[in-house]
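Okay, structure first, notes after.
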Amino acid sequence: MSRIDAAFGRMREERRVGLVTYVTAGDPALARTADILRALDRAGADVIEVGVPFSDPLADGPVIQRACERALAGGATLDRILEVIREARPSVRAPIVLFSYANPIYRMGFATFAARAAAAGVDGLLTLDIPVEEAGPIRAALLDHGLDPIYLLSPTTTPARARQAGELGRGFLYLISRAGVTGARDSLAAGLPAMAARVREASRLPLAVGFGLSRPEHVRAVADVADAAVVGSALVSVIADAGDTPDLVPRVEHYVRWLRGDGTGGGLPGGPGGDTLQEREC
Amino acid sequence: MNATLPITGPVFGRRDPDSRGYFGPYGGRFAPETLMAPLDELRDAYFALRDDEAFRAELVGLLTTFAGRPTPLYEARRLTAEAGGARIFLKREDLTHTGAHKINNALGQALLAARMGKSRVVAETGAGQHGVATAAACALLGLQCEVYMGADDMARQALNVVRMRLLGATVTRVLAGSRTLKDAINEAMRDWVTNIATTHYLLGSVLGPHPYPLMVREFQSVIGAEARLQFEAAAGGAPDAVVASVGGGSNAMGIFDAFIEMTGVRLVGVEAGGTGPELGRHAARFAGGSPGIFQGTHTAVLQGTDGNIAGTHSISAGLDYAAVGPEHAWLRETGRAEYVSASDAEALDAFSALSRLEGILPALESAHAVAWARRLATQMGPGRRILVNLSGRGDKDVQTATQQLGIEEE
């Protein structure tokens, strides 16, 4: 059983919705990434998605675009990110999923990438611009090294495509809750329950829902339709606000505990409150 | 030379990629999941309409009455004399309405968008020619139009920004990344993925995920179809070489298309050599690039060792792009076409030469093809004939030329 399967198994046993957190590796600095991963883990993230910064993140909104720019300016490359994960892995319990555009992985070579990622302790890979039709070569390399290929589904995904993703995927399926780029929103997409129900019919894999989530009530609302909620841009905003300061790790940890409903007061310490965050992110 | 020419049109269904959109190993569909079903829908609509007589007739009608086709073939005698070798013929795409070959594709896709029931069109533009063509086609068909353009390109192609706005389009400045064509494409894709139900993405070159490279080449194939007949009528037989500039590569694919099966005809694509061979100083993908996956397709890409896309430079905004159409990558790999580059300085020199010798101000993009044709004419010698695709006119470039050539001081 993969580390990802075990994590979703635990959520089911504990009868709670899981929390998947996304951060861009190398933001605000590569030297801080391992500490951020440990903080996410301590705060109770069930799965940690580590974004590989890319020069042309065409599926991302402004928040993650800026994070990519900061990370690349600081010299974060796929090669160095794998090194950071290898160092952090022994002290992080949660599964780690790399979230990348195709080209950095393709450039390294699918087989080389899979071998190095597995050795570093990565558990799965999600590629934004490799749809199931093109997934053959990278999927074979991932499976050879015991990594889970994870696929995205969206409001435009047909039932046939959802079934195909369910058959080819491992670990979980990631449902994009609305057509568009990444970025936090005020509320959940209206059509989400129906969409999630359609995916449930197409596949038995656990389901995580993302794109637009930023608040504990969003996370709780996902519990009715899926296994886990993904929070990305809102967390990246917390990191951007904190910057490369001593405050960074406590703020990340506090925000994730707040999302999980740990009742530590709500809002964000030493930064804007939830409402400000929403307005800026829309 | 046009008097006896029958009205021709784009050529459809001649060389389709495989069912997944591959030309050999190049092409495919590397797009975000949200775009996959819309890309299927676009492909199906396109395949149905290209076989639809009424659609084809409407398109040919607009190419004739709106765009001003057929464009002439012109023998550049003074340029030929100066080069001292092969005869140089120009396919005058600069004489189309809106001033470049881009209108051929813009009309085709705008008609397609209207038939698909889309009310809104988004587009990227580099030099602004595709943006202007798209704005004009949208005005004609009553479609809402938004054009994304890099901030640096807006500065150097200011005339076209005004033209787009006069034609009713919204021009949105892109401040991300290198602030040029690739960043405009990213932003147009982000818009499309967000407004997928109402919006068609009118991509301007033979780039992106399937079916765009095929569809754009076929809409541009009217260039080669006309040129081949015109050349035969004017000079007899076929040219020895066909030369075109290659940014994304749509004007080149458009004129190459008619000659690909005539294996005696050399096909020469001219990339932007910029100011030098170092990464970041040029846009010569075939000289300095390697296979990559970028903006929806597998093709030759200028990139760093870590797989991030490299910065590019060209004096011409339309060639200043890090990747090239996948079919060009295949034509090069099979040896059917050859790819060379002309520097900023060579392009500027050709820009001046064509202006002074022939009374034609070419776009700086097209000037790269003229630059190579002059060199090739000298190499090939008398008795040979070279066909150049003069893809656009240079009005938009007078500001750059003024700065670079010091016109005002003269």
Side-chain angles (χ1 to χ4, degrees), chain A residues 52-62 65-66 68-69 71-72 75-81 100-109 113 126-136 138 151-158 160-162 165 173-176 178-183 211, chain B residues 19-22 25 27-41 124 174-178 182-199 208-210 290-299 301-311 322-323:
Chain A
V52 178
F54 184 52
S55 54
D56 294 83
L58 58 78
D60 283 300
Q65 288 176 46
R66 296 295 96 77
C68 287
E69 286 170 8
L72 291 173
T77 60
L78 179 56
D79 189 69
R80 297 174 71 185
I81 291 162
S100 183
Y101 288 85
N103 204 51
I105 310 269
Y106 178 67
R107 177 73 173 177
M108 181 176 279
F113 164 79
L126 207 161
T127 36
L128 279 153
D129 52 353
I130 303 187
V132 286
E133 287 86 342
E134 301 288 354
I138 178 67
Y151 297 106
L152 290 154
L153 304 174
S154 95
T156 60
T157 301
T158 59
R161 294 182 62 80
L173 291 171
Y174 184 138
L175 176 60
I176 298 168
R178 62 184 89 220
V181 295
T182 55
F211 274 43
Chain B
S19 61
R20 294 165 59 221
Y22 278 92
R29 292 196 305 177
F30 293 88
E33 175 61 22
T34 303
L35 295 181
M36 293 306 290
L39 285 168
D40 280 342
E41 188 194 342
E124 82 296 339
V174 179
L175 290 163
S178 60
K182 81 175 172 67
D183 311 287
I185 293 177
N186 290 336
E187 212 54 45
M189 302 258 285
R190 289 181 188 121
D191 182 313
W192 191 35
V193 80
T194 307
N195 300 295
I196 202 87
T198 59
T199 299
H210 179 59
S290 51
I293 296 170
F294 182 51
Q295 289 180 336
T297 192
H298 179 226
T299 187
V301 178
L302 288 167
Q303 56 185 321
T305 52
D306 57 359
N308 284 295
I309 306 307

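Proteins come first, then strands; the chains are lettered A, B, ... in the order of their sequence lines, and each starts at number 1.
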**Prompt:** Under the ring-ring contact (aromatic ring centres under 6.0 Å, His included) test, which residues partner B:H298, sequence neighbours left out?
**Reply:** A:Y106, B:Y26
**Message:** Quick check on A:P62 against chain B: is it the side chain, the backbone, both or neither that has a heavy atom closer than 4.5 Å?
**Reply:** neither
**pair B:T34-A:I176: side-chain heavy atoms closer than 4.5 Å** = yes
**Item:** From A:L152 atom CG to B:M36 atom CE, the distance as rounded to the nearest 0.5 Å
**Value:** 12.0 Å
**Message:** As a quick check of understanding, evaluate side-chain contact (heavy atoms from CB on, under 4.5 Å) for A:R107 and B:S290, giving each step before the final call.
**Reply:** CA-CA 9 Å; A:R107 177 73 173 177; B:S290 51; 2.6 Å; yes
**Prompt:** With respect to chain A, which residue among B:A188, B:A176, B:P32, B:G28 yields the maximal number of heavy-atom pairs within a distance under 4.5 Å?
**Reply:** B:P32
**Contacting moiety of A:Q65, where chain B heavy atoms sit under 4.5 Å** = side chain
**Prompt:** Side chains of A:P57 and B:R190: closer than 4.5 Å at any heavy-atom pair?
**Reply:** yes
**Fill in**
dist B:N186:CG -> A:F54:CZ (nearest 0.5 Å) comes out at 8.0 Å
**Prompt:** Hey, what do you get for CZ (B:F294) to CG (A:L58), rounding to the nearest 0.5 Å?
**Reply:** 8.0 Å
**Asked** Does any heavy atom of chain A fall under 4.5 Å from the side chain of B:S178, the backbone, both, or neither of them?
**Response** neither
**Top contributor to chain B contacts, counting heavy-atom pairs under 4.5 Å, from A:C68, A:S154, A:G61** = A:S154
**Beyond-backbone contact of B:I196 with A:T156, side-chain heavy atoms, under 4.5 angstrom** = yes
**Complete:** Sorted by chain and residue number, the side chain to side chain donor-acceptor pair (under 3.5 Å) partners of A:E134 (sequence neighbours excluded) come out as B:R20, B:Y22
**Request:** Could you look at A:L72 and say if it's the side chain, the backbone, both or neither that has a heavy atom under 4.5 Å from chain B?
**Result:** side chain
**Message:** Under a 4.5 Å cutoff for heavy-atom pairs, which residue among A:R178, A:R66, A:R80, A:R161 has the most contacts with chain B?
**Reply:** A:R161
**Most contacts with chain A, counted as non-hydrogen pairs under 4.5 angstrom, among B:P38, B:G304, B:G177** = B:G304
**Asked** Counting heavy-atom pairs under 4.5 Å to chain B, which of A:P104, A:P53, A:A59 comes out on top?
**Response** A:P104
**Prompt:** When you look at A:V181 and B:V193, which way does the side-chain contact (heavy atoms from CB on, under 4.5 Å) test go after all the steps?
**Reply:** CA-CA 7 Å; A:V181 295; B:V193 80; 3.9 Å; yes
**Prompt:** Is there a donor-acceptor contact under 3.5 Å from the side chain of A:N103 to the main chain of B:I293?
**Reply:** yes
**Asked** With chain B, which of A:D79, A:V132, A:D60 has the greatest number of heavy-atom pairs at distances under 4.5 Å?
**Response** A:D60
**Which atoms of B:P291 approach chain A - backbone, side chain, both or neither, heavy atom under 4.5 Å** = both
**Message:** Quick check: closest heavy atoms across B:A37 and A:T158, and the distance to 0.1 Å?
**Reply:** CB-CG2, 4.4 Å
**Fill in**
Cut-off 4.5 Å, heavy atoms of chain B, and the answer for A:L128 is backbone
**Item:** Stepwise side-chain contact (heavy atoms from CB on, under 4.5 Å) test for A:T157 and B:E33
**Value:** CA-CA 7 Å; A:T157 301; B:E33 175 61 22; 2.8 Å; yes
**Asked** Looking only at heavy atoms, which two atoms of B:F30 and A:P131 are closest? And how far apart?
**Response** CA-CD, 4.1 Å
**Item:** Side chain / backbone / both / neither for B:I309 at chain A, heavy atoms under 4.5 Å
**Value:** both
**Request:** Look at B:K182 together with A:D56 and state whether they make a salt bridge at an N to O cut-off of under 4.0 Å.
**Result:** yes
